[in-house]
Amino acid sequence: MKKIFISIACVFSVLMLCSCEDQLTTHDATKVDSSTFTTSAAGLNQVLTATYKAFLMGAGESQTGASYQGVSGFLMYYDMMGSDVTVNEWYGASPEPIYEFKPSRREAASGASNIWSKMYNIINMSNIIIDAAPEASGTDSEKNTLVGQAKAMRAFAYFHLLMNYQQTYAIAKDKRGVILRLHPDDEPDMGFSTVGQCYDQVVEDLKDAETKLSGFNRAEKWEVDASVAAGMLARVYQVMGNWSGAFAEAKKVYDKYGTLMSKEQWCSGMDHLMEDGCAELVWGVKYPNLTNVSS
């Protein structure tokens with residue numbers, strides 16, 4: 001009887017080990033199969049949220065790197081950079097190298113690579129949405145809204161890459177531009193496209209974004225809608241020297257947002273334009289204390 005009991009106990013132990021082996025794995029619990037997000041409009045909307053996070057706010061950075069974060073960071077550093085910029089070196093971690101013309105902006109390991117990697121992160125996530133949407137479950141309206149926003153963000157990213165890494169369109173349209181990745185599974189060793197080819201894609205994306213977002217009524221001011229896409233395209237046309245195109249796209253925006261802010265709103269320092277419902281505010285994101293982007 002004792003031997004039988006020991007045998008049964010051993011068999012039970014082996015079965016338990018086999019059962020545990022089936023249940024316990026060493027896979028990273030934070031990694032989820034991509035098909036979880038790419039087979040439905042609801043899943044792709046989560047990818048879109050992550051894309052907006054990178055687009056508007058960037059990822060966690062040091063104080064210095066925060067100056068490159070999101071749309072607000074990029075638009076600010078274009079206007080602020082100059083040889084006469086001075087910043088307190090002891091402001092936490094100093095952001096001044098980004099606003100001064102320093103060697104780090106010409107080094108692939110520093111400032112120059114920062115812009116490149118951030119824009120391609122937005123492009124890669126946008127490509128996932130654009131490629132997966134046609135076969136994903138969901139209504140045509142839902143998928144058009146997803147693709148329209150993704151194409152606008154992809155176009156914006158390529159536009160800023162071109163503005164940073166090559167001379168302007170008028171003198172460089174036949175020169176080397178950037179790497180035109182339009183699909184998430186593009187070969188890693190793709191070559192460069194010309195500036196002209198890249199701008200053609202930017203224009204095509206923004207036109208398509210306007211079309212797909214024509215029926216989209218956004219819930220938040222930070223979302224890209226048809227008017228925001230038109231404003232982006234007006235800016236691109238301006239850089240390309242297409243003045244009639246720039247005027248036509250800007251007029252679309254002005255016709256909808258042409259009411260000027262009140263004297264009170266102007267004098268308030270413009271800190272509460274979103275809460276006050278400013279009629280001429282086309283696109284904006286609010287950074288409250290809990291979600292502020294560092295510097």
Side-chain angles (χ1 to χ4, degrees), residues 28 30-38 43-78 95 97-98 104-105 107-133 146-166 177-193 198-199 201-202 204-206 208-209 222-224 228-229 232 236 283 285 287 291-295:
D28 187 342
T30 64
K31 292 184 178 179
V32 182
D33 190 277
S34 62
S35 62
T36 304
F37 300 99
T38 58
L44 287 174
N45 193 58
Q46 295 183 56
V47 181
L48 184 72
T49 299
T51 310
Y52 265 118
K53 171 63 167 59
F55 186 61
L56 296 173
M57 300 181 72
E61 293 281 355
S62 66
Q63 187 91 339
T64 302
S67 301
Y68 285 121
Q69 288 197 152
V71 175
S72 58
F74 278 97
L75 298 182
M76 187 164 63
Y77 99 87
Y78 287 141
I98 289 169
S104 63
R105 293 206 66 248
E107 296 170 0
S110 186
S113 67
N114 211 320
I115 300 169
W116 184 274
S117 61
K118 282 177 169 51
M119 290 297 104
Y120 273 107
N121 182 42
I122 295 167
I123 289 165
N124 290 338
M125 288 192 287
S126 298
N127 285 342
I128 291 171
I129 298 168
I130 294 165
D131 265 28
L146 289 166
V147 172
Q149 292 173 87
K151 285 200 169 187
M153 285 190 275
R154 182 172 76 175
F156 181 97
Y158 272 123
F159 177 60
H160 282 274
L161 283 170
L162 292 163
M163 293 282 281
N164 275 279
Y165 294 100
Q166 187 51 277
V178 295
I179 302 170
L180 203 53
R181 294 185 177 279
L182 302 178
H183 307 282
D185 57 354
D186 281 340
E187 293 296 324
D189 56 350
M190 285 181 65
F192 286 74
S193 297
C198 293
Y199 269 96
Q201 185 63 50
V202 169
E204 180 182 325
D205 275 355
L206 289 173
D208 197 28
W222 50 261
E223 294 177 283
V224 175
V228 176
M232 289 179 178
V236 171
W283 187 36
V285 57
Y287 295 121
T291 58
N292 195 24
V293 182
S294 187
S295 59

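Index from 1, following the sequence. Remember, it's a predicted structure, so these values are computed and weren't measured experimentally.
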Is any side-chain heavy atom of [X] closer than 4.5 Å to a side-chain heavy atom of [Y]?
{"X": "I129", "Y": "Q149", "result": "no"}
{"X": "Y158", "Y": "L180", "result": "yes"}
{"X": "I122", "Y": "K118", "result": "no"}

Please find the pair of heavy atoms, one from [X] and one from [Y], that lie closest to each other, and give the distance.
{"X": "Y199", "Y": "M163", "result": "OH-SD, 4.2 Å"}
{"X": "V202", "Y": "F159", "result": "CG2-N, 4.1 Å"}
{"X": "Y52", "Y": "V224", "result": "OH-N, 2.8 Å"}
{"X": "L162", "Y": "G177", "result": "CD2-CA, 4.2 Å"}
{"X": "C198", "Y": "S193", "result": "SG-CB, 3.9 Å"}
{"X": "L44", "Y": "T38", "result": "CD2-CA, 3.8 Å"}

Supply the atom-to-atom distance [X] [atom1] to [Y] [atom2], rounded to the nearest 0.5 angstrom.
{"X": "N124", "Y": "R181", "atom1": "CG", "atom2": "CZ", "answer": "7.0 Å"}
{"X": "D208", "Y": "K151", "atom1": "CG", "atom2": "NZ", "answer": "3.5 Å"}
{"X": "M125", "Y": "L48", "atom1": "CE", "atom2": "CG", "answer": "9.5 Å"}
{"X": "M153", "Y": "M232", "atom1": "CE", "atom2": "CE", "answer": "8.5 Å"}
{"X": "I123", "Y": "R154", "atom1": "CD1", "atom2": "CZ", "answer": "8.5 Å"}
{"X": "L182", "Y": "N127", "atom1": "CG", "atom2": "CG", "answer": "6.5 Å"}

Can you label the angle between the W116 ring and the Y120 ring as parallel, tilted or perpendicular, going by 30° and 60°?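 Tilted.
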
Heavy-atom donor-acceptor pair, W283 side chain to W222 backbone, under 3.5 Å: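 Indeed, once roles are kept as given, a pair shorter than 3.5 Å links the two residues.
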
